[in-house]
Every structure is written in C-alpha cells, then in structure tokens.
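Taking it in order: structure first as structure tokens, then the write-up.
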Amino acid sequence: MSATYFPQIWQTIQQIPLGKVASYGQIADLAGLPGRARLVGKALGVAPESLELPWQRVLRSNLTLAFAEGSPQALLQRSLLLSEGVVFQGKKVAPAMRWHPDLAELLYALKY
DNA sequence: ACTATGACTGATT
DNA sequence: TAATCAGCCATAG
C-alpha cells in the first residue's frame, strides 16, 4: 500500500479533457485519496514520460501554476495550456476552465 | 524510530 | 489581495 496509488492517480489525470484544468486536491479526491494532494504532485514527478500525461492541466487549487513564475517548467506549462485553448487571467487560469467531471463517467473510465 | 521535505490546501489574519 | 499557519501523508535519509 504505497506507490500502489500512482497508477490510479495517473489514470485520473488522463481523464482531464483537452482545454480543461484540475487541481492537485481535486485529482486526489477523484482518485479516492482525499487529503493527498501532495501525493499527486509526487506521482506526476515520477510518472513515466511514455504515459504522455496531460500534466500541464494540473495546477493549484487557486488556479495558479505550481511551478515558480518564470521557471522553464512554468513557461512550458503556460504555453502548452495556451495552445490548447486555456484562457489566463493574469497569473491565474480563468475559473470557467475548471474540469467538472461526471462522477459516474469517471468511475466507469477508471475501471480499465 | 525520527526528521525533513514536497509540482498542496483551507482557514485565518 | 497577500502572508501565515497548521494540517496533510508518502518518501527518503
């Protein structure tokens, strides 16, 4: 019972639709791991690149990027999001871009 | 066993 | 709006 959680987290992140964003805590909740937002960050950090996770769609609960402003990673994330149509309001992503998953559909998708 | 450390949060000030 | 604080909990050393 430890890194066993990672696949579940990765799968949940895969469900984030193009042009939408979710917070670390939200992913943790959806993955059945309430209160483990930090674990989500960890899981992303160690995720195999072959999974091609939409990591850029995961940000803080206040809709800001988790990486330091101006850092290479933050710049990349920002451009990736912009390229898929995500709208920014200053440093934050527009609230309307948040992902509101249908629980039934999500659980169905995660069965596989 | 203990401490430090996060791609975090929510409440409080 | 912004800074602080206290929880959070799996990992690493």
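Residue numbering restarts at 1 for every chain, and letters A, B, ... go by the order of the sequence lines. Hydrogens, waters and symmetry mates are skipped; everything else that's a heavy atom, side chains included, is used. Please read these numbers as outputs of a predicted model, since none were measured by experiment.
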Which residues pass the side chain to side chain contact (heavy atoms under 4.5 Å, CB included) test with A/Ser61, not counting sequence neighbours? A/Ser23

Tell me every residue that passes side chain to side chain contact (heavy atoms under 4.5 Å, CB included) with A/Ala43, counting only those two or more places apart in sequence or in another chain.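 Here the qualifying residues are A/Phe6, A/Ile9, A/Trp10.
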
I want to check something: taking the side chain as every heavy atom from C-beta on, are A/Leu103 and A/Leu30 in contact at a cut-off of under 4.5 Å? yes

Whole-Å gap separating [atom2] ([N]) and [atom1] ([X]):
X       : N     : atom1 : atom2 : result
A/Tyr5  : C/dC9 : OH    : P     : 10 Å
A/Leu44 : B/dG6 : CG    : P     : 16 Å
A/Lys42 : B/dT5 : NZ    : P     : 14 Å

Apply the hydrophobic cluster definition, ILVMFWY joined by side-chain contacts under 4.5 Å directly or through others, and give me every member besides A/Met97.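 Other cluster members: A/Val21, A/Leu59, A/Leu63, A/Leu65, A/Leu81, A/Leu82, A/Val86, A/Val87, A/Phe88, A/Val93.
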
If you link ILVMFWY side chains whenever their heavy atoms are less than 4.5 Å apart, which other residues fall into the same cluster as A/Leu75? By chain and number, please.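 Taking Ile, Leu, Val, Met, Phe, Trp and Tyr as members, A/Leu75 stands alone, with no cluster partners.
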
Between protein and nucleic acid, restricted to nucleotides 1-6 of chain C and to nitrogen or oxygen atoms under 3.5 Å apart, what atom pairs and distances do you find?
none

My understanding is that only residues two or more places apart in sequence, or in another chain, count here; which of them pass salt bridge (Lys or Arg N to Asp or Glu O under 4.0 Å) with A/Glu69?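 Listed in chain order: A/Lys91.
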
Quick test of your reading: applying salt bridge (charged side-chain N to carboxylate O under 4.0 Å, His left out), list the pairs with at least one residue in residues 93-107 of chain A, sequence neighbours left out, ordered by first then second residue.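 Output for this query is empty, none listed.
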
Strictly by salt bridge (charged side-chain N to carboxylate O under 4.0 Å, His left out), give each pair with a member in residues 17-26 of chain A just once, sequence neighbours left out.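 Output for this query is empty, none listed.
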
Generate the contact string for nucleotides 8-13 of chain B. Rules: B means base contact, S means sugar-phosphate contact only, - means no protein heavy atom under 4.0 Å. BSS---

With sequence neighbours left out, which residue pairs that include part of residues 75-85 of chain A fulfil the side chain to side chain donor-acceptor pair (under 3.5 Å) condition?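 Listed once each, the pairs are A/Gln56-A/Glu84, A/Arg57-A/Glu84.
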
I need the full list of side chain to side chain donor-acceptor pair (under 3.5 Å) pairs touching residues 28-45 of chain A, with sequence neighbours left out, sorted by first then second residue.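 Qualifying pairs, neighbours excluded: none.
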
May I ask you to list the residues of residues 69-76 of chain A, by number, that have any heavy atom positioned under 4.0 Å from an atom of DNA chain B?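 Heavy-atom contacts with DNA chain B come from no residue of residues 69-76 of chain A; none.
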
